[in-house]
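Encoded as structure tokens, the structure appears first; notes follow it.
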2 protein chains.
Amino acid sequence: MMELTRKGEYAIRGIVYLATQPAEQVCLLSDIASAVDVPQTFLAKIFQQFSKIGLVRSYRGTGGGFVLGRSPDKITLLEVVEAVEGPIAPNRCVTGEGECSRDADCTVHPVWVSVQNQVRDILARVTLLDLSGR
Amino acid sequence: MMELTRKGEYAIRGIVYLATQPAEQVCLLSDIASAVDVPQTFLAKIFQQFSKIGLVRSYRGTGGGFVLGRSPDKITLLEVVEAVEGPIAPNRCVTGEGECSRDADCTVHPVWVSVQNQVRDILARVTLLDLSGR
DNA sequence: CCAAATAAGATTATTTATATCCTATTTAGT
DNA sequence: ACTAAATAGGATATAAATAATCTTATTTGG
């Protein structure tokens, strides 16, 4: 239960790789993909998502590629994971998506809230700097 | 991310209902299913799983049905969830299913272990007695 | 023996995950 | 301007997991 998908796994590998590179070093998608062993076309989609929310910056055309959008100590694992997997939510009732309406005072709800908070907290405390091992 | 499936949601509803019933009260599957608003055939499969590991006891034939396998304060939410959803594992690398072999000292691994422990801990502290609201 | 139950296996439908492909657009360098 | 090198984005394909149903078997009380 609660497993990260391939997409999430690949996303982390890819952006952690960027974090290990010298600051402002523009990296080719093909290089990243082969370095972290992820299908390039898949990684492209993931980095497009990152790019839209500023986690990475992209440069098109010859000499283009990707760079981290902020310094590695300012990007948390939580942001990375939620960017591609969606919000951390052990049950839909904690995302506000109805449910629980079944039962006015659902006794399980607070448990899910607690799980959600704990997990978010753990992931929010880890930065790409931590993960880069530098 | 990390969402409980319908099966898990149904499983909890079903067994919590049992916990709200008088001890040793044998309940009809059809009654449980309609009370907690779950397809009966689906709930049947779930309770079969519960039965195999002793979370509930089943009685076949006329007058048959289901009862909790132990007193509600001795059954944790963790057991219930893992019974139907499999082990809590935010990433396969924490279940021992290879991976991580990619990277001898994976920096993310300890984070997943931490998440796994925290979640398990939270769920293990909640019993069916707590959830029954009695 | 019959009717009421659960057990178990097979099957089906739907959704999500995991990609890949193709075309468009941008950009540096000549 | 032209070309080659890149990313962007939409469409499509395949596989796996989820969600559910159906059918047949087995058990049991009366």
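Computed from a predicted model, the values in this text were never measured in an experiment.
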Non-hydrogen atoms of A:Thr107 and B:Leu131 that approach each other most closely: OG1-O, 2.7 Å

Take atom [atom1] of [X] and atom [atom2] of [N], then tell me their distance rounded to the nearest Å.
{"X": "B:Phe66", "N": "C:dA4", "atom1": "CZ", "atom2": "C1'", "value": "14 Å"}
{"X": "A:Asp37", "N": "C:dT18", "atom1": "CG", "atom2": "P", "value": "15 Å"}
{"X": "A:Phe42", "N": "D:dG9", "atom1": "CZ", "atom2": "C1'", "value": "16 Å"}
{"X": "A:Arg6", "N": "C:dA17", "atom1": "CZ", "atom2": "C1'", "value": "10 Å"}
{"X": "A:Ile46", "N": "D:dG9", "atom1": "CD1", "atom2": "C1'", "value": "15 Å"}
{"X": "B:Gln40", "N": "C:dA4", "atom1": "CD", "atom2": "C1'", "value": "12 Å"}
{"X": "A:Asp31", "N": "D:dT7", "atom1": "CG", "atom2": "P", "value": "9 Å"}
{"X": "A:Glu9", "N": "C:dA17", "atom1": "CD", "atom2": "C1'", "value": "15 Å"}

Presence of donor-acceptor pair under 3.5 Å, side chain of B:Arg60 and base of D:dT26: yes

Salt bridge flag under 4.0 Å for residues A:Glu82 and A:Arg120: yes

Sidechain N-carboxylate O distance under 4.0 Å for A:Arg70, A:Glu79: yes

Could you list the protein-to-nucleotides 22-24 of chain D atom pairs, N/O on both sides, closer than 3.5 Å?
none

Just N and O in the side chain of [X]: are any of them under 4.0 Å from OP1 or OP2 of [N]?
{"X": "A:Ser51", "N": "D:dT7", "value": "no"}
{"X": "B:Tyr10", "N": "D:dA20", "value": "yes"}
{"X": "B:Ser58", "N": "C:dA7", "value": "yes"}
{"X": "A:Thr5", "N": "C:dT16", "value": "no"}

Residue whose closest nucleotide on DNA chain D lies nearer the 5' end, B:Gly61 versus B:Leu4: B:Leu4

Derivation of the side chain to side chain contact (heavy atoms under 4.5 Å, CB included) call for B:Ile15 and B:Leu55: CA-CA 9 Å; B:Ile15 202 166; B:Leu55 246 38; 4.2 Å; yes

Stepwise salt bridge (Lys or Arg N to Asp or Glu O under 4.0 Å) check, A:Arg57 with A:Glu24: CA-CA 10 Å; A:Arg57 288 197 309 276; A:Glu24 300 305 318; 2.8 Å; yes

Closest to side chain of B:Thr62, choosing from D:dT28, D:dT7, D:dA5: D:dT28

Hydrophobic cluster membership, A:Leu28 vs A:Tyr10, 4.5 Å side-chain cutoff: no

Same cluster (ILVMFWY, side-chain, under 4.5 Å), B:Val67 and B:Leu29: no

Closest-nucleotide 5' rank along DNA chain C - winner of B:Lys52 and A:Pro39: B:Lys52

